[in-house]
Amino acid sequence: MDVTRRIAISPSTTIFESTSRRAQARGAINLGQGFPDFPEPAELLDAAARAVRERSNQYPPMRGLPTLRDAIAAYYRGTQQLTVADEEIVVTSGGTEALAATFLALLEPGDEVILVQPLYDSYLPLVERVGATARLIDLQPPGWTLPLEALEAAISPRTRLIVLNTPHNPSGTAIDMATLEAVGALCERHDLFLLCDEVWEATLLDGAPHVSPLHISSLRERAVKIGSAGKIFALTGWKVGWVVAAPPIAAAIAARHQFLTFTTAPSLQWAVAEGLALPLVWYDAQRARFEAARDRLVAGLGEAGYRVLPARGTWFVTVDLAGSGLPADDLAVADQLIDQAGVAAIPVSAFYVERAETNYLRFCFAKESAVLDTAIERLAVFRRAVA
Ligand code: PMP
């Protein structure tokens, strides 16, 4: 008998992985999966190499190296004016593990969780694996604003957690303080936890400050903030992330983390601690580089007749297909783009639970100028032929 028939995996491969594979097979420029092709930050690479040689490579403390936890607290003090205590931090293997540990810690079978679409693809499978049920609400394009009335209407007596993501993948938009305060009032009124996926917090462009639920005093005791060094330093494969939450919540998450991965490579933790201590001008330079890349892609697509929605964070912009004179069917257009234009993008419908087509495609701008220019040329030719 074939025991593997008992394995139920859904979905089998993420759209990011399958698009990257298809792009590679066709020789297409990959503006799909979100990773930069810029030179990697030498400061962090050197620090990691040094740490491998000069530091212990044995199990570090379960909650993360004290030096890294100190560096995370100092980073948030310096960049976001947040005061975070050591017992509020748990280092995890990327934002992904932080999400899993948080869902495991805060949810019981039968609980309800409010998720906001378009959503990052790991949320729903993890929530369902815990035995909880997701209630879905939709951001409203073109501003991708959070509909507060729909959010409140989705709350039931079983609701335990709201999940937000800011800056938001795939739209590149960010939540403002007034909206967060309104969500905070809902959480208090209905006694809910709030998980805020802030892995893109360092990518806000144009000098806008990042706002977190931890800035709101009423949320300080009920919000979980998730961060990722992979995004802060554009080293997506490093998978060093963390959770920041009030001590009892952090302790519950640490209890889950210890049986998920227990800990994360110490060399990378040392390197991230060094990175977080870099002067603010280093971060400014990094941000300027991403700003220039975004502006290049947005201007190029605009000249080629595409309607690009405003984006101020992450490494992504979304294109309004109908507004660009193309069919409002992101799945079909994404296929055509790979096959005919030689450019890969991610259909935004992949970020919805019901995979009906949407009117939006996500493009990653974190690429070298020459790569962006070639992609823009190809997309211009494509649009002239199709629109
Ligand atoms: N949340 C969001 C919204 C993301 O976009 C990503 C990565 N693309 C993650 C979490 C996962 O972060 P990490 O790579 O640190 O696991």
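Order of appearance sets the numbers: ligands from 1, and atoms from 1 within every ligand.
A cation-pi contact, defined as under 6.0 Å to the ring centre and within 45° of the axis, is absent between Arg160 and Phe193.
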Is there a salt bridge (Lys or Arg N to Asp or Glu O under 4.0 Å) between Arg222 and Glu188? Walk through the geometry before answering.
CA-CA 9 Å; Arg222 50 177 79 244; Glu188 269 203 286; 5.4 Å; no
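Which of Lys239, Gln33, Lys231, His168 comes nearest to atom 7 (C) of ligand 1 through a heavy atom is settled by distance: it is Lys231. When Ser93, Ala229, Ser228 are ranked by how near their heavy atoms come to atom 15 (O) of ligand 1, first place goes to Ser228.
Short contacts between ligand 1 and Gly94, defined as distances under 4.0 Å to a heavy atom of the residue, involve ligand atoms 15 (O), 16 (O). Heavy-atom proximity to Asn165, at under 4.0 Å, picks out these atoms of ligand 1: 3 (C). Counting atoms of ligand 1 from 1 in the listed order, those under 4.0 Å from a heavy atom of Asn169 are 5 (O).
The aromatic rings of Phe233 and Trp282 are tilted relative to each other, their planes meeting at an angle between 30° and 60°.
Nearest to atom 6 (C) of ligand 1 among the protein's heavy atoms is Tyr120 CZ, 3.3 Å. Counting only heavy atoms of the protein, atom 3 (C) of ligand 1 lies nearest to Asp197 OD2, 3.4 Å.
Ligand 1 has no N or O atom lying under 3.5 Å from any N or O atom of Thr236, backbone or side chain.
Lys239 and Thr96 share a side-chain donor-acceptor pair at under 3.5 Å.
Between Glu88 and the choices Arg63, Arg220, Arg69, the salt bridge (Lys or Arg N to Asp or Glu O under 4.0 Å) rule is met once, by Arg220.
Arg189 has a carboxylate O that lies under 4.0 Å from a charged side-chain N of Glu152, or vice versa, which qualifies the two as a salt bridge.
Of all the heavy atoms of Thr96, the ones lying under 4.0 Å from any atom of ligand 1 are found in both the backbone and the side chain.
The closest approach between any non-hydrogen atom of Phe16 and ligand 1 is not below 4.0 Å.
With hydrogens and angles ignored, the 3.5 Å screen pairs a side-chain donor or acceptor of Thr166 with a backbone N or O of Ile175.
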